[in-house]
Amino acid sequence: MPSFSEILQRRTIFRDKDVLSPHYVPDVLPFREGEVEKIMLVLSGALKGMRAGNLFIYGKTGTGKTCSVRHVMKKFMQMESPAKTVYLNCRIYNSKYKVMHKIAKEFIPELEKSGFGISLIYEKLIEWLAGGKIQLIVVLDEIDMVKDLNELVYTLVRTNDELLGGGISVVGISNRLSFKEMLDPRSKSSLCETELTFAPYDAEKMKAILKQRLEQGFVQGAVDESALNLAAAIAATESGDARYALRLLLRAGEIVDAGGGQRIDDSHVEEARRSVEGDMIKEVIQTLPENQRIVLYAVANLSQKGGRYSKLGGNEDGENFLLSGEVYEEYSRVCNSLCVKKRSARWYREYLNELEMLGLITTIESGRGMRGHTRLIKPGYPAEELKKIVWETMGLEEEGKKKEK
DNA sequence: CCTCCACAGGAAGCGCAGGAGT
DNA sequence: ACTCCTGCGCTTCCTGTGGAGG
């Protein structure tokens with residue numbers, strides 16, 4: 001059993017792990033100068049006591065949206081001004097009430113406790129804004145998660161009509177462009193007063209970003225040039241997501257540390273990719289309902305044994321596809337042995353659709369050679385790995401699985 | 001050609017939990 | 001604190017689809 005002092009004395013190639021975390025806001029944002037300037041421009045009015053413009057920011061995950069906004073907020077707060085900003089993530093504050101309450105209690109201590117009516121919160125907020133002639137900027141990250149978004153936007157925008165001094169402006173951030181169509185036209189036109197799109201990073205930019213971070217995050221010379229290139233290339237081709245790239249490097253560093261090495265090379269990045277991928281699959285599977293996990297297990301299990309399709313010699317390219325029907329049979333069987341009540345065949349099909357969308361399985365329509373109209377299924381990842389992960393997430397049911405064998 | 005098979009997926013409705021309204 | 005309402009997960013029922021088999 002090691003002591004803390006031993007652990008602290010262990011050699012590490014990290015200088016500062018925080019720099020590699022997704023929450024870190026760097027002082028310089030490479031390739032986002034233009035976007036940062038535009039955000040500053042839109043919000044600058046508030047510093048002069050005028051109402052700032054509303055802003056809608058769109059871009060895929062890991063393209064620096066949140067980072068850029070937080071960066072601007074940081075600068076904004078350093079200025080002498082009665083203007084205020086609030087940042088909230090709508091994954092947590094996902095309704096009009098929760099958002100309004102969070103905004104209010106940020107500035108008005110007496111509303112700290114919950115249980116106030118929405119109208120009281122609203123009035124207090126107006127009183128506070130008008131009293132101090134305050135310009136408030138509300139940043140709503142992952143804004144598409146708000147259930148009654150139309151209501152919320154309408155309320156926030158209308159507030160300005162009731163105010164003589166002070167005002168509210170909204171900065172919405174989303175990674176889904178399609179949600180804009182869900183808004184009614186009035187909310188849409190006020191929220192999207194100004195729009196800004198963040199493009200994914202290409203491999204070159206990704207490399208520069210990683211380079212900037214690893215100079216602060218790792219000790220000098222800890223990362224091979226080719227390992228850096230590889231990490232940048234993987235992240236750029238898979239998603240353009242800088243967070244993913246950073247995660248790769250972080251994991252690769254941990255792998256090297258664990259092995260007592262001193263340099264990250266290509267093999268560590270490859271290993272990190274597999275490891276991170278495994279983590280992400282696990283995260284997804286964990287959120288799945290029990291029955292859906294059993295469906296996934298059934299697919300994995302059956303694909304190892306081989307389905308009827310391959311036994312009938314129906315496939316030319318050797319792909320081991322499964323028939324929808326036989327997977328349902330297998331699923332039913334597993335449910336039985338686990339003493340879990342099975343879902344109807346109709347709902348099972350919905351489960352399949354969702355699993356496909358999540359990339360956990362792939363399906364194709366049956367063509368010639370197959371009787372009837374069905375779907376051919378195969379796992380999206382190695383069956384062994386999927387079974388293991390499902391197994392782990394099932395926890396207590398492990399005993400049941402053993403009996404089944 | 002028609003019929004049957006083996007499914008896909010839409011429509012309606014049901015029971016339940018949690019939030020809104022009073 | 002009480003009911004009322006609504007969204008969600010799910011079942012039941014049903015119509016559609018495209019090739020196989022007669």
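Convention: sequence-line order gives letters A, B, ...; per-chain numbering from 1. Computed from a predicted model, the values in this text were never measured in an experiment. No hydrogens, no waters, no symmetry mates; every other heavy atom, side chains included, goes into these values.
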Round to a whole Å and report the spacing from [atom1] of [X] to [atom2] of [N].
X	N	atom1	atom2	answer
A/E290	C/dC10	CD	P	11 Å
A/W347	B/dA11	CH2	P	15 Å
A/H373	B/dC5	NE2	C1'	13 Å
A/K342	C/dT11	NZ	P	10 Å
A/E365	B/dC7	CD	P	13 Å
A/F321	B/dA6	CZ	P	20 Å
A/I294	C/dC10	CD1	C1'	16 Å
A/L322	B/dA6	CG	C1'	16 Å

Quick check on C/dT11: is either OP1 or OP2 less than 4.0 Å from any side-chain nitrogen or oxygen of A/S344? yes
Examine C/dT11: is either OP1 or OP2 under 4.0 Å from a nitrogen or oxygen in the side chain of A/R346? Give yes or no. no
Report which part of the nucleic acid A/K341 touches: base, sugar-phosphate, or nothing (heavy-atom distance under 4.0 Å, all strands). nothing
Students often get this wrong, so: under 4.0 angstrom with heavy atoms, is A/S324 touching a base, only sugar-phosphate, or nothing? sugar-phosphate
Residues within residues 348-356 of chain A bordering DNA chain B, heavy-atom distance below 4.0 Å: A/R349, A/N353
If you round to the nearest 0.5 Å, how far is CG of A/D141 from CD1 of A/I173? 4.0 Å
Just how far is it from atom CD of A/E142 to atom OG1 of A/T66, taken to the nearest 0.5 Å? 7.0 Å
With a 6.0 Å cut-off on ring centres, are A/F14 and A/F218 close enough? yes
Do the rings of A/Y328 and A/Y348 sit parallel, tilted or perpendicular, given the 30° and 60° boundaries? tilted
Would you kindly check if the NZ (Lys) or CZ (Arg) of A/R70 is within the cone defined by 45 degrees around the ring axis of A/Y87 and under 6.0 Å from the six-membered ring centre? yes
Output all residues satisfying side chain to side chain contact (heavy atoms under 4.5 Å, CB included) with A/I209, sequence neighbours left out; order by chain, then residue number. A/P30, A/F31, A/Y201
Residue list, salt bridge (charged side-chain N to carboxylate O under 4.0 Å, His left out) with A/E384, at least two apart or on another chain: none
